[in-house]
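Structure, as structure tokens:
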Amino acid sequence: MRLFIAIEIPVKIIERLQLLKRGMKGLKWVRDEQIHLTLAFLGETSVEKCGMLVEELKRVEFKSFGLA
């Protein structure tokens, strides 16, 4: 499995990105539901490690933050 760790993008931002799509001809855009901010690309990962990663990520705690 090719895995990555990402942050989902709020719908309001995706709606604004849709406006950019109109002005940029010739580019291939992903579907709106696939837009995300990748924090880490893990690459090919075994199924065994996938379960471990999910459990470890559930333990991650952080304060909310803003992006500009």
Side-chain angles (χ1 to χ4, degrees):
M1 299 167 65
R2 292 182 71 214
L3 300 181
F4 58 90
I5 299 169
I7 296 173
E8 290 184 22
I9 304 296
V11 173
K12 286 183 178 185
I13 294 175
I14 291 174
E15 289 170 353
R16 293 198 59 189
L17 287 172
Q18 289 172 342
L19 297 175
L20 287 175
K21 289 180 185 181
R22 295 181 192 147
M24 297 182 167
K25 305 250 187 265
L27 298 178
K28 183 178 185 230
W29 289 82
V30 297
R31 295 188 315 262
D32 289 348
E33 59 272 11
Q34 292 179 310
I35 295 175
H36 62 272
L37 176 61
T38 299
L39 300 176
F41 180 70
L42 305 174
E44 288 297 325
T45 307
S46 67
V47 175
E48 296 81 22
K49 284 187 180 178
C50 181
M52 178 196 70
L53 285 167
V54 169
E55 292 307 313
E56 289 298 320
L57 287 169
K58 285 180 183 177
R59 296 177 16 178
V60 173
E61 295 182 26
F62 59 92
K63 294 180 182 178
S64 64
F65 58 92
L67 294 173

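When a residue number appears, it is its place in the shown sequence, counting from 1.
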Quick check: closest heavy atoms across F41 and L3, and the distance to 0.1 Å?
CD1-O, 3.7 Å
Lys/Arg-Asp/Glu bridge criterion (N-O < 4.0 Å) met for K12, E15:
no
Working to the nearest 0.5 Å, report the span between CZ of F4 and OG1 of T45.
11.5 Å
Within the structure provided, determine whether D32 and K21 are in side-chain contact (heavy-atom separation under 4.5 Å).
yes
Joint cluster assignment, L19 & I14, ILVMFWY side-chain distance < 4.5 Å:
no
Given V54, which of M52, E56, K58 fulfils the side-chain contact (heavy atoms from CB on, under 4.5 Å) condition?
K58
Is L39 reachable from L57 through a run of I, L, V, M, F, W or Y residues, each pair having side-chain heavy atoms under 4.5 Å apart?
yes
So for atom NZ, which belongs to K49, do other residues, nucleotides or ligands contribute more than 12 heavy atoms lying within a distance under 6.0 Å?
no
For residues V47 and L42: do they belong to one hydrophobic cluster (side chain heavy atoms under 4.5 Å, members Ile, Leu, Val, Met, Phe, Trp, Tyr)?
yes
Working to the nearest 0.5 angstrom, can you tell me the gap between I5 CD1 and L53 CG?
6.5 Å
Under 4.5 Å between side-chain heavy atoms, hopping through other hydrophobics if needed: is there a path connecting I9 to L20?
yes
Give a yes or no on whether E8 atom CD has more than 12 heavy-atom contacts from other residues, nucleotides or ligands under 6.0 Å away.
no
